[in-house]
Student: 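One structure is given below, represented as structure tokens, and several questions about it will come after.
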Amino acid sequence: QVQLVESGGGSVQAGGSLRLSCAASGYTVGSYCLAWFRQAPGKEREGVATYIHGITNYADSVKGRFTISQDNAKNTLYLQMNSLKPEDSAMYYCAANPEPWFGCRRVTTDFGYWGQGTQVTVSS
């Protein structure tokens with residue numbers, strides 16, 4: 001069974017950096033469309049970045065600051081977050097789509113497997 005477990009969240013001051021990790025089991029990360037989403041209180045879940053076979057896509061709000069990557073040897077997905085802003089504060093989730101035949105987009109309906117989330121808080 002596919003399992004996704006996020007880690008690396010925490011509290012940081014504006015301008016700081018964090019690296020989130022998503023450890024996968026039950027499948028090989030290289031075989032899936034993978035993504036990071038985030039959700040702040042009272043807001044809809046937002047697609048941050050997607051990754052499939054080295055092809056990446058980012059939300060405009062994080063371009064130039066965030067980098068999505070994977071380590072096949074560790075079967076882990078990463079999100080490196082630099083120059084963090086208070087508006088980046090949210091619960092961050094990793095997600096997987098095992099059959100990306102109809103797209104690998106930054107939308108929740110393209111993903112069937114989700115982690116439990118890790119909290120990121122950025123203070124001014």
Side-chain angles (χ1 to χ4, degrees):
Q1 186 66 36
V2 175
Q3 299 287 333
L4 303 172
V5 180
E6 302 97 333
S7 62
S11 298
V12 65
Q13 294 183 9
S17 298
L18 286 172
R19 188 178 75 161
L20 306 184
S21 300
C22 175
S25 62
Y27 79 106
T28 301
V29 294
S31 67
Y32 280 61
C33 168
L34 302 167
W36 286 97
F37 288 77
R38 66 187 182 186
Q39 188 168 25
K43 300 184 67 176
E44 295 186 357
R45 191 164 296 189
E46 172 191 21
V48 176
T50 57
Y51 184 102
I52 181 168
H53 301 303
I55 301 172
T56 60
N57 180 272
Y58 297 91
D60 288 341
S61 60
V62 306
K63 286 181 179 177
R65 300 188 298 118
F66 290 12
T67 303
I68 187 171
S69 63
Q70 69 177 40
D71 186 330
N72 290 333
K74 297 181 179 180
N75 213 37
T76 300
L77 181 73
Y78 299 99
L79 184 68
Q80 178 67 47
M81 305 185 294
N82 298 326
S83 302
L84 283 163
K85 305 175 181 179
E87 52 263 44
D88 295 319
S89 297
M91 184 73 76
Y92 282 72
Y93 302 88
C94 64
N97 175 3
E99 298 180 329
W101 307 114
F102 303 108
C104 181
R105 304 169 296 173
R106 291 182 287 102
V107 295
T108 58
T109 52
D110 276 6
F111 297 87
Y113 296 96
W114 296 84
Q116 80 291 340
T118 185
Q119 181 68 43
V120 172
T121 303
V122 184
S123 60
S124 300

Student: Kindly indicate whether a cation-pi arrangement holds for R38 with Y93, taking the cut-offs as under 6.0 Å to the six-membered ring centre and within 45° of the axis.
Tutor: no

Student: Kindly check if the number of other-residue, nucleotide or ligand heavy atoms within 6.0 Å of CD (Q13) is above 12?
Tutor: no

Student: Is it possible for you to say whether W114 and L77 belong to one hydrophobic cluster, with membership spreading through side-chain heavy-atom contacts below 4.5 Å?
Tutor: no

Student: Decide yes or no on side chain to side chain donor-acceptor pair (under 3.5 Å) for S17 and N82, but give the supporting numbers first.
Tutor: CA-CA 4 Å; S17 298; N82 298 326; 2.9 Å; yes

Student: State plainly whether one hydrophobic cluster holds both Y58 and V48, where clusters connect Ile, Leu, Val, Met, Phe, Trp and Tyr through side-chain heavy atoms under 4.5 angstrom apart.
Tutor: yes

Student: Is the side chain of E6 donor-acceptor paired with the backbone N or O of L20 at a distance under 3.5 Å, no angle test?
Tutor: no

Student: Pair V5, Q116 - check side-chain contact (heavy atoms from CB on, under 4.5 Å), show working.
Tutor: CA-CA 7 Å; V5 180; Q116 80 291 340; 4.1 Å; yes

Student: Is the closest side-chain donor-acceptor distance between E44 and Q39 under 3.5 Å?
Tutor: no

Student: Determine whether the side chains of N97 and E99 contain a donor N or O and an acceptor N or O closer than 3.5 Å.
Tutor: no

Student: If hydrophobic clusters are built by linking Ile, Leu, Val, Met, Phe, Trp and Tyr wherever their side-chain heavy atoms come under 4.5 Å apart, do F66 and I52 end up in the same one?
Tutor: no

Student: For S89 versus A40, what's the shortest heavy-atom pair and its separation?
Tutor: O-CB, 3.9 Å

Student: Using every non-hydrogen atom in the two residues, find where G9 and T118 come nearest and quote the distance to one decimal.
Tutor: N-OG1, 3.2 Å

Student: Testing the basics here: between A14 and S124, what is the closest heavy-atom pair and its distance to 0.1 Å?
Tutor: CB-CA, 4.4 Å

Student: Is any NZ, NE, NH1 or NH2 atom of the basic residue among D88 and K85 found under 4.0 Å from an Asp or Glu carboxylate oxygen of the other?
Tutor: no

Student: Is the shortest heavy-atom distance from the side chain of T50 to the side chain of I68 under 4.5 Å?
Tutor: no

Student: Aromatic rings F37 and F111: how do their planes relate, parallel, tilted or perpendicular, breaks at 30° and 60°?
Tutor: perpendicular

Student: Can you check side-chain contact (heavy atoms from CB on, under 4.5 Å) on V12 and T121, steps first, answer last?
Tutor: CA-CA 6 Å; V12 65; T121 303; over 6 Å; no

Student: Between atom SG of C22 and atom CG of L34, what is the distance when rounded to the nearest 0.5 Å?
Tutor: 7.5 Å

Student: CG of N57 to CZ of R105: how many Å apart, nearest 0.5 Å?
Tutor: 11.5 Å

Student: Should L18 and Y78 be counted in the same cluster of Ile, Leu, Val, Met, Phe, Trp and Tyr side chains packed under 4.5 Å apart?
Tutor: no

Student: Within the 4.5 Å heavy-atom criterion, are T76 and Q70 side-chain neighbours or not?
Tutor: no

Student: Of all heavy-atom pairs between L4 and C94, which one has the smallest distance, and what is that distance?
Tutor: CB-SG, 3.7 Å

Student: Using a 3.5 Å distance criterion without hydrogens, assess whether the side chain of Q119 forms a donor-acceptor pair with backbone atoms of A90.
Tutor: yes

Student: Mark yes or no: R106 above the aromatic ring of W36, with NZ or CZ under 6.0 Å from the six-membered ring centre and no more than 45 degrees from the axis.
Tutor: no

Student: Is the backbone N or O of S83 less than 3.5 Å from a side-chain atom of R65, with the two atoms forming a donor-acceptor pair by type?
Tutor: yes

